[in-house]
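These notes are about the structure you will find just below.
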Amino acid sequence: VIDRLEEELHGDFAAFFERAERERRWSVAEDVPWETAAPAPPSPELVLRVETFFLAKALAPALLARDAALAATSPTIAAHLAGWAYEASKHALAFGEWLIRRCARSRGDLLALARRAGARPAAPVASGAAGVAYGSLLLETATFVLHARHREHAARAGDAALVVLHDFAARDELAHARFHEAVMRRHLAADREAVLAEMARVLGRFEMPDASAVPDWDARVTSFAAVGFDRGAFVRRVYLPTLRRIRVERRELVRALPARSRASTAPPRLGDRPS
Ligand SMILES: [Fe+2]
């Protein structure tokens, strides 16, 4: 049975996709100023950060596999996941291209890294569509904030190609976040109590995907914190603004939790290893 919520979500997806086709498509080969040389070879820290972006995007197939069962329940979710994986794969190609062109990594290095990162199945963040959408919303918003910060870092390093890469990626991530916000508002309008309960469960379990499979994870978290993105930034720039935009109060989430887990309603921790 196709209910009203599913029809609404499909309409939102159709509009989101059409806008992406008209306003957001870009070419890795043609739209990035690769010929503009950076003033100096990239520092090891910069290489590690770009490689971390590459890795995060290269996890798309693992996340796709994680959400395959959910996709089978809805043509809209399946179509959205396919489009999302296309964009994430393009981002991985683009940041990988930067690493290759700056002579920091070989294509074989990157493939080996991507294979290692995707080797362990990602743990599901939720069982329902609303919970998965909420986890995705937090992740899309965090990724947008990260690209925006690293863009400034790339600009200071004088790397024009990297600035443009972060700009394209940030624009894409913001569009993904806005779409997931619309999805969450639809779900909340359809069954607020049930969705709040799902969101509350996601809170305690939210992790960066598959972090423990990523080599040098601690060094990466440290290097992201060094450009001003740590747990506090996550709460201020991602968690709280997200709740405001989908019009949910923090105390509503606390109330939605079973009493015994209320003590564990701390905001999600970015970069923690899955336990
Ligand atoms: Fe995204």
Side-chain angles (χ1 to χ4, degrees), residues 9 12-13 15-28 31-32 49-68 70-71 76-98 114 117-118 122 124-126 129-151 162 164-185 202 206-211 214 220 224 229 233-234 237-239 241-242 245-246 268 270-271:
L9 290 173
D12 292 340
F13 171 71
F16 161 78
F17 185 80
E18 178 56 27
R19 247 189 114 174
E21 293 286 89
R22 278 188 285 112
E23 298 173 9
R24 279 201 298 112
R25 298 306 182 218
W26 54 280
S27 158
V28 174
D31 296 330
V32 180
R49 286 179 199 135
V50 174
E51 196 184 67
T52 303
F53 278 107
F54 163 81
L55 270 171
K57 314 288 185 169
L59 283 168
L63 295 179
L64 210 52
R66 181 195 72 184
D67 294 335
L70 183 65
T76 309
I77 294 176
H80 171 63
L81 270 176
W84 169 80
Y86 151 72
E87 292 196 38
S89 302
K90 184 161 87 180
H91 291 186
L93 275 173
F95 284 98
E97 187 68 23
W98 184 92
V125 289
V132 171
Y134 178 55
S136 303
L137 170 55
L138 290 174
L139 205 53
E140 301 287 6
T141 308
T143 318
F144 163 70
V145 171
L146 282 166
H147 282 299
R149 296 224 166 167
H150 284 254
R151 179 227 196 261
L162 191 55
V164 169
L165 275 184
H166 281 303
D167 281 344
F168 278 130
R171 191 180 67 178
D172 288 346
E173 301 301 353
L174 187 61
H176 304 164
R178 293 290 179 261
F179 174 66
H180 280 97
E181 284 167 10
V183 168
M184 287 309 294
R185 285 195 290 262
V202 168
F206 181 79
E207 306 283 356
M208 288 293 279
D210 228 4
V214 174
R220 293 174 197 283
F224 271 78
F229 200 82
F234 183 80
R237 299 287 311 277
V238 177
Y239 175 66
T242 294
R245 292 189 62 88
I246 60 173
L270 182 80

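As the structure is a prediction and not an experimental result, all values here were calculated from the model. Every number for a ligand or one of its atoms is a count from 1 in the order of the listing. Numbers here are sequence positions counted from 1.
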Quickly, which of Lys57, Arg24, Arg171 forms a salt bridge (Lys or Arg N to Asp or Glu O under 4.0 Å) with Glu87? Name it, please.
-> Arg24
Considering residues at least two apart in sequence or located in another chain, which fulfil the side chain to side chain contact (heavy atoms under 4.5 Å, CB included) criterion with Arg220?
-> Leu48, Glu51, Thr52, Leu55, Val214, Asp216, Trp217
Protein-derived N, O or S atoms lying under 2.8 Å from the Fe ion (ligand 1), waters excluded = 3
For residues His166 and Phe53, establish whether the separation of their ring centroids is below 6.0 Å.
-> yes
Just wondering, do Thr141 and Leu138 contact through their side chains at under 4.5 Å, heavy atoms?
-> no
Do the non-hydrogen side-chain atoms of Glu18 and Glu23 ever get within less than 4.5 Å of each other?
-> no
Does some side-chain heavy atom of Tyr86 sit less than 4.5 Å from a side-chain heavy atom of Lys90?
-> yes
